[in-house]
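Below, each value reflects all heavy atoms present in this structure, side chains not excepted, and no hydrogens, waters or symmetry copies. Labels below follow one simple rule: chain letters A, B, ... track the order of the sequence lines, proteins then strands, and each chain is numbered from 1.
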There are 2 protein chains.
Amino acid sequence: MQWQLRGDRPIYQQLMDRLTEQIVSGQLGPGDKVPPVRELAAEAGVNPNTMQRALADLEREGLMYTNRTSGRYVTEDREMIAKIREQIASDRIAEFLAGMNQLGFTEQEIVGLLEKRQKGEEKHGE
Amino acid sequence: MQWQLRGDRPIYQQLMDRLTEQIVSGQLGPGDKVPPVRELAAEAGVNPNTMQRALADLEREGLMYTNRTSGRYVTEDREMIAKIREQIASDRIAEFLAGMNQLGFTEQEIVGLLEKRQKGEEKHGE
DNA sequence: ATGGCTGTATTATTATCATAATACAAAGAA
DNA sequence: TTCTTTGTATTATGATAATAATACAGCCAT
């Protein structure tokens with residue numbers, strides 16, 4: 001997995017985002033064992049404390065739970081996962097549209113640009 | 001103007017974003033006088049030093065210039081402004097699509113959601 | 001010339017983030 | 001039992017951000 005961390009936001013928040021995406025997209029399924037803190041930290045090139053903070057925060061959100069010494073697992077509440085996925089999507093759409101409007105783009109233009117980008121992508125991968 | 005600053009990113013960066021939007025959308029036109037640092041800072045509820053940093057950075061990008069004691073002005077290079085606008089739009093679209101793909105949404109679904117949101121908005125404002 | 005407005009510079013203080021380096025407790029395996 | 005793996009806690013250090021409080025230089029109108 002590629003973590004692609006940037007410098008413009010707290011790392012632990014970016015880690016939370018990536019892990020949430022993993023869960024919400026099913027790459028980390030309900031009940032799946034989450035790799036150990038130290039392993040994830042090493043993989044992401046981050047201090048274990050930082051990864052620990054991200055995981056603890058995700059746990060407070062209910063996306064994971066801990067079996068004290070055996071490890072950490074993804075929640076089995078599929079409904080919650082689905083809800084969070086929809087919520088994130090909704091937020092991103094709202095933010096994207098608001099931002100584009102602020103730049104002076106109309107909804108029509110935006111959809112047009114998206115479809116244009118889509119066609120461009122088809123010529124390359126997938 | 002509403003600045004709507006959040007806590008998840010450096011304030012000076014958010015200030016840069018807002019000011020750039022103002023210029024790129026024409027609310028601050030080429031050659032227009034930019035309000036004094038202290039005034040902008042007060043309006044945004046921010047320390048003058050922080051606003052100063054944002055403005056200085058925008059100046060380094062070429063979006064503004066300073067007439068030492070008379071004040072600060074928006075660049076008159078309309079082409080540069082237009083280019084930056086397109087660049088920002090392009091970046092946002094790419095980031096938005098990548099993020100939504102990561103959540104498991106196809107391009108078709110995304111466009112569908114956008115159009116749905118668009119219809120919902122029509123019932124309210126504008 | 002004086003006072004006010006402009007951008008700019010300086011110093012200090014506080015908070016958050018990230019890292020480093022350990023240490024400990026509990027469960028499970030050898 | 002002993003060792004390893006797990007999450008967790010603690011202390012210290014450095015970097016960046018943001019604030020506060022000033023101060024200075026240049027232009028301009030009075």
For [X] and [N], give me the distance from atom [atom1] to atom [atom2], rounded to whole Å.
X: A/Ile11; N: D/dA15; atom1: CD1; atom2: P; answer: 15 Å
X: B/Tyr65; N: C/dT8; atom1: OH; atom2: P; answer: 14 Å
X: A/Met16; N: C/dC17; atom1: CE; atom2: C1'; answer: 15 Å
X: A/Leu55; N: D/dA9; atom1: CG; atom2: P; answer: 13 Å
X: B/Asp57; N: D/dA18; atom1: CG; atom2: P; answer: 11 Å
X: A/Asp8; N: C/dA18; atom1: CG; atom2: P; answer: 11 Å
X: B/Lys33; N: D/dC28; atom1: NZ; atom2: C1'; answer: 12 Å
X: A/Glu59; N: D/dT8; atom1: CD; atom2: C1'; answer: 11 Å

For the side chain of [X], starting at C-beta, report the closest nucleotide among [options].
X: B/Pro10; options: C/dA18, C/dA26, D/dA18; result: D/dA18
X: B/Thr66; options: D/dA17, C/dG7, C/dA27; result: C/dG7
X: A/Arg72; options: D/dC27, D/dT6, D/dT8; result: D/dT8

Tell me if the CZ atom of B/Arg78 is crowded by more than 12 foreign heavy atoms within 6.0 Å.
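It does not: B/Arg78 CZ has 12 such atoms or fewer within range.
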Cation over ring face, B/Arg92 and A/Phe105, 6.0 Å, 45°
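No, B/Arg92 does not sit over the ring of A/Phe105.
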I want to confirm an ordering. Mapping B/Ser70 and B/Gln13 to their closest nucleotides on DNA chain D, which one lands closer to the 5' end?
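Here B/Gln13 is the residue nearer the 5' end.
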Rounded at 0.5 Å granularity, tell me how far CE in B/Met64 sits from CZ in B/Arg60.
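Rounded to the nearest 0.5 Å, the CE-CZ separation comes out at 13.0 Å.
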Measuring from atom CG of B/Asp8 to atom CD of A/Gln14, what distance do you get when rounded to the nearest 0.5 angstrom?
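Going from CG on B/Asp8 over to CD on A/Gln14, the span is 10.5 Å.
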Expected output is a numbered-order residue list: members of residues 34-53 of chain A with a heavy atom under 4.0 Å from any atom of DNA chain C. What is it?
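Heavy-atom contacts with DNA chain C come from A/Arg38, A/Val46, A/Asn47, A/Asn49, A/Thr50, A/Arg53.
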Could you check whether [Y] and [X], counting side-chain N and O atoms only, form a donor-acceptor pair closer than 3.5 Å?
X: B/Tyr65; Y: B/Glu76; result: yes
X: A/Gln27; Y: A/Ser25; result: yes
X: A/Gln13; Y: A/Asp17; result: no

Can you tell me if A/Tyr12 touches the phosphate of C/dC17, counting only side-chain N or O atoms and a distance under 4.0 Å to OP1 or OP2?
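So the side chain of A/Tyr12 is within the cut-off, an N or O lying under 4.0 Å from OP1 or OP2 of C/dC17.
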Name the stems that DNA chain C belongs to, where each is three or more consecutive Watson-Crick or G-U pairs with both distances under 3.5 Å?
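Stems (3+ consecutive pairs) listed as C:1-30 with D:1-30.
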With DNA chain C as reference, determine whether B/Arg68 or A/Gln14 sits nearer its 5' end, using the nearest nucleotide of each.
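Taking each residue's closest nucleotide, the earlier one in sequence belongs to B/Arg68.
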Shortest non-hydrogen separation from A/Met100 to B/Ala89 and the atoms involved:
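Taking every non-hydrogen atom into account, CE-CB, 3.9 Å.
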Any salt bridge linking B/Glu95 with A/Arg6? Criterion: basic side-chain nitrogen under 4.0 Å from a carboxylate oxygen.
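A salt bridge is present here (some side-chain N lies under 4.0 Å from a carboxylate O).
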